[in-house]
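Here is the structure we will look at, set down as structure tokens.
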Amino acid sequence: MLTGFFWLLFLAEGVHPQNNCSYQEVLDHLKITKSNELYYMTRPVKNYKRPTLVSLEVLLYAILDVVEKEQKFIPYVWTVIRWHNEHISWDPNHFCGINNLSLPAEILWKPDLTIEEMTEKDKAPPSPYLTINNMGYVEIQNDQVLVSTCRMHIYKFPFDAQSCNLSFKSVIHTAKDIRLLASDNSSEATEWSRELMRTQYEWLFINMIVTTENATDLEGQDVIVYTITMKRRPLLYIVNFLLPVLFFLCLDLSSFLISDKGGEKLSFKVTVLLAVTVLQLILNEILPSSSNRIPLIAVYCIGNFALMLLSLLETILVMHLLERDNSPPSDSNRDQTLGDEKEGHSIFPNFQGGVTNWSQCLPDMSAGETMSELLPVARQIEIAQTFVPYVWIDMRWQNQYIRWDPDDFCGIETVSLPTDVLWKPDLTIEEMTEKDKAPPSPHLIIHSDGLVRVQNDHMLVSTCRIQIHKFPFDHQTCNLSFKSVVHSVKEIQLVHSPCSSKTSDMTMRSQYEWLFVSMTVTNKTVDMFDLKQDMLIYTITMKRQSLLYIVNFLLPILFLLSLDIASFFISEREGEKLGFKVTVLLAVTVMQLLLNEILPSSSDQIPLIVVYCIGIFGLMMLSLLETILVMYLMEKDDGPPEDVKMSKNSKVLNLKDKINDNEMDLSLCNLSEVPVKELASFTKATVLDLSCNNIASLPPEFCNLTHLVKVDLSKNQLTCLPDDLGNLTSLQHLDLYNNKLTLLPVSFSQLRNLRWLDLKDNPLEPNLAKAAGDCLDEKQCKQCASRVLQHMRVIQEEADRAREKRLLREKEIERKKEAKQREREAREKEARKREKAEEKEKRRKEYNAQMEALAAREQQKKKSEEKKKKKAQAAAGKKAPAESPLKPRRSFLRLVFRLLLLLLLGLAGVAAVCHLTDMKKEAMCVPVTVAVDNGLLWAGQQQDALRRLVQSLSAALRDFLESSQASKN
């Protein structure tokens, strides 16, 4: 009997592991099912006082994008979350050694971790499974594409380094429920991230610092902050932006070598200045408007712009002075000059002379309350009248079906549950136009007294009436109106939880272009379709940061106005003044178009910046009309201008849309000409398809496309090919099917790499047609290429022999011509010698006659010398002062006085703007305001001295005017 017992025991031990070797046996043992609320409803602890330790590991896969304009950081990260589930444990020996298994992620409770900076839902697919082991430890791994906010510091752009945070914390659980631990330290996280890094794009990963901010009490929350530091790759910005601006400055400096007498120097400088303006506009599209300081690259551009502007003003001034110097003299001066020239010519007949000359708080429902904090003011889109804030909402209400005595349950006062198991108020935001982009909270909290609380981060896209009358010095006010969708005031009452806008200041992450000012809350009852409802209105006030608009918009337009005013010194007799004014006017028009892209068309009042632009535009237009009128009056007697025939605009193709890998497909484009200049810039496009067009000939420049390997010119109207076709040495495949070719150029024989050729359906001359043969398949086309090349080599050899004979004949003819030329030159040389001898003798006789006349004149001067001495004193008193030399001096003084007056007006305008507008608090206006106040204070203290100074200046000016009038008389 004992033997039978051992035998049964052996059979039981041998069969039991085989029956328990499946994962389902483990699940049945643990009773893990989708309907078992023990595993997914609440935090997996047997004693609620014991917190759940959550281990977090974050590694960086890639830096996908950093959007400076919207202050967004988009990384691709790998997260591993581990925690202990006290309801899970088994002995692996009872289940064939199974010590871990994978389960669907939704059947177990998971920590409600969120990232504070995240503004949109994760774009990567979530992990469908998690892993558990026999000790009760649960692990879930996820790849996440995070769209988060990050405060960008672009002062040193593009040589900047940025640091962005990813702050992980629980949505609703405090430190008494969940404690967060970082699996890796900073050095380990940095090392692992560098090994896993897939893509960095524009940014280079530097390091990742892990910081754990433990709660100081059990009511707080643990936060793990991952600070990712990265550095921008500036090479492309240097090549495509900084160097071009520097090159433009060098071009402007080199323009000093251009003569000031023509109009090309002025046109050159204006063109270079407008090129820098375009680069400034491109820079404005890159940089955000939220910088506290002007970026160094903006200072660099404005400095270059200002230097070019001064250079242009100098050119205008020099041209004006040259024009005045070259103006025709008065009659008396002209007669005197002509007399002097005549006298000089009689004595020195060969003499020649010349002169060189820039937190909210939100609702409460029927004894409940909702609270919201304004996290970042994401952006405000004026043209679409859209306000996009990122808010935190805390909503509370009372559930009368929930109540328990904590003393009966070991003092448990709060329980977290999935959000979809309880009723929630149907609150909506009236101004909201799109679905919330932030991930919803997975849990809510219930209290023993029946209070239910849910917290959520929301990315709201809402409408807002934008008032842009004072743009860019404007303040905006936007509303968020919370109310129930279907419930009346008898069912849901909204109550604002008391808090102030200071809380929003504390929780603010980033403000982009806008600075948060304040937030007010209004509670009112509305009647809609006979349904009375409570409504909470949160009014958010913010102020625009205007510094970048001043530097990149207002100042350039003011500079352009200065250029237009300076153009009055340009002569109307040439065409450069008209072209200059039109160019400057078009530059202001471009600025207005950019402004039109920013401002909405729904404004009740015309914005002041539009009045500013239109006013400057109007002044420039009047200036241009004045120039046209003056030029018309000056050229009225010259007859009507000749008609200028404008050529039709040729069709422009966007070749970027036609390229695919290395193939450029221009077939069926109805082309009559080949865009050779455009094709030359696409050197990677080695395959060119020009079939099914109306091309009659290829330009000579086509032979410079030496990168082409395959060319399809079938079904065109080609009658001949360029003579230098042999330059396409890389060409291997050439399709000339269905054209009008009769001959091939002799250089065709130089296509040594040609392996495929089709000449079907062409009216070829007989010998060439015989050599080409048919091209009905791949083999025949290859044979065609070989035979045609051999045929063309024979023709090439014959052409070379004919050319050699022709060259020999030409050389013989050239030798005969040279012999005749030498004989003719010898005869002409002898004739010139005789003429020079005769001319020399003639000059000698004239010189002797002049010397005799000079001696006679000297004797006459000696005789009249005594008479002149007697009359010298009387003649000195009667001699009239020469007034003509003073005129240019007075004109020059008048010009200097005008420039000083314009400078004083400009300084007064800057002082008025800085002293009377909101700009007085800006850093650039503080020294101007202080200087004006000090000047006014000093003037008040020195009234008597200033009065005496003005009287002295007035007396001196009066004496000067009287002496000038007397000298004129």
Side-chain angles (χ1 to χ4, degrees), residues 10-48 50-59 61 76-114 122 124-145 168 170-171 173 177-184 188-189 192 195-196 224 415-421 439 442-443:
F10 173 76
L11 290 178
E13 290 182 354
V15 171
H16 179 74
Q18 293 179 357
N19 293 337
N20 295 330
C21 287
S22 67
Y23 292 127
Q24 188 60 42
E25 295 292 337
V26 180
L27 296 179
D28 293 341
H29 169 72
L30 297 174
K31 298 180 182 179
I32 296 178
T33 62
K34 291 185 177 180
S35 59
N36 192 344
E37 298 179 351
L38 174 68
Y39 290 100
Y40 69 87
M41 286 291 288
T42 58
R43 191 165 56 88
V45 291
K46 295 180 180 179
N47 185 351
Y48 82 99
R50 190 161 49 242
T52 301
L53 300 180
V54 178
S55 173
L56 177 64
E57 181 179 358
V58 176
L59 298 177
Y61 265 166
Y76 185 40
V77 300
W78 177 58
T79 59
V80 181
I81 305 175
R82 304 180 184 91
W83 68 94
H84 186 252
N85 191 320
E86 297 182 4
H87 303 305
I88 296 176
S89 66
W90 73 87
D91 187 358
N93 296 325
H94 294 167
F95 299 95
C96 299
I98 297 175
N99 56 10
N100 62 73
L101 57 89
S102 300
L103 298 177
E106 64 271 8
I107 69 174
L108 288 184
W109 178 91
K110 297 180 290 298
D112 58 336
L113 295 188
T114 185
D122 179 21
S127 174
Y129 293 97
L130 48 76
T131 304
I132 62 175
N133 64 13
N134 62 296
M135 303 296 293
Y137 288 97
V138 186
E139 178 180 298
I140 184 170
Q141 301 179 5
N142 258 322
D143 295 337
Q144 293 179 291
V145 177
F168 290 81
S170 173
V171 177
H173 294 92
D177 300 322
I178 290 180
R179 302 307 301 260
L180 295 181
L181 301 174
S183 297
D184 300 328
E188 293 173 344
W192 280 101
E195 292 183 2
L196 293 175
I224 299 179
V415 177
S416 62
L417 299 175
T419 55
D420 53 357
V421 301
H443 295 92

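This is a predicted model, so every value here is computed, not measured.
Note that CZ of Arg179 and OG1 of Thr52 are 11.5 Å apart. Values are rounded to the nearest 0.5 Å. Expressed to the nearest 0.5 Å, how far CG of Leu59 lies from CD of Gln141 amounts to 10.0 Å. Remark: Ile132 CD1 to Asn99 CG distance equals 11.0 Å, nearest 0.5 Å. Rounded to the nearest 0.5 angstrom, Leu101 CG and Trp90 CH2 are separated by 4.5 Å. To the nearest 0.5 Å, atom CG of residue Leu56 and atom CG of residue Asp184 are 9.5 Å apart. Atom CH2 of residue Trp83 and atom CG of residue Leu53 lie 13.0 Å apart, to the nearest 0.5 angstrom.
Remark: the backbone N or O of Ala105 is paired with a side-chain donor or acceptor of Lys110 at under 3.5 angstrom. Looking only at distances, no side-chain donor or acceptor of Asn142 sits under 3.5 Å from a matching main-chain atom of Thr79. A donor-acceptor contact shorter than 3.5 Å is absent between the side chain of Asp122 and the backbone of Gln144. Judged purely by atom type and a 3.5 angstrom limit, Arg43 uses its side chain to pair as donor or acceptor with the backbone of Asp177.
The two atoms that bring Asp112 and Ser170 nearest to each other are OD1-OG, 2.7 Å, heavy atoms only. Shortest non-hydrogen contact noted between Ala182 and Ile224 is N-CD1, 3.7 Å. Looking at every heavy atom in both residues, Ser89 comes nearest to Leu30 through O-CD2, 3.3 Å. Taking both residues in full, the closest heavy atoms of Tyr39 and Ile107 are given as CB-O, 3.7 Å, listed atom of the first, atom of the second, then distance. Annotation for Tyr23 and Ile98: closest pair CE2-CG2, 3.8 Å, computed over non-hydrogen atoms.
No more than 12 heavy atoms of other residues, nucleotides or ligands lie within 6.0 Å of CE in Met135, so this atom counts as exposed by the packing criterion. Heavy-atom contacts from other residues, nucleotides or ligands closer than 6.0 Å to CH2 of Trp192 number 12 or fewer.
Looking at heavy atoms from C-beta onward, Leu108 lies in side-chain contact with Ile88 at the 4.5 angstrom threshold. Contact of the Glu25 side chain with the His94 side chain is not registered, since no non-hydrogen atoms from C-beta on lie closer than 4.5 Å. Between Thr131 and Ser102 the shortest side-chain heavy-atom distance falls below 4.5 Å. Two residues are said to be in side-chain contact when any heavy atoms from C-beta on lie closer than 4.5 Å; Ile81 and Leu130 fail this criterion. Within the 4.5 Å cutoff, side-chain heavy atoms of Asp143 are placed close to those of Tyr76.
Relative orientation of the Phe95 and His29 rings is tilted, given thresholds of 30° and 60° on the angle between their planes. Aromatic ring pairs are classed by plane angle as parallel below 30°, tilted from 30° to 60° and perpendicular above 60°; the pair Trp109 and His173 is perpendicular.
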For this session: Applying side-chain contact (heavy atoms from CB on, under 4.5 Å), run through Tyr40 and Ile32 and close with a yes or a no.
Result: CA-CA 10 Å; Tyr40 69 87; Ile32 296 178; over 6 Å; no
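Partners of His84 under the side-chain contact (heavy atoms from CB on, under 4.5 Å) rule, at least two apart in sequence or in another chain, are Glu86, Tyr137.
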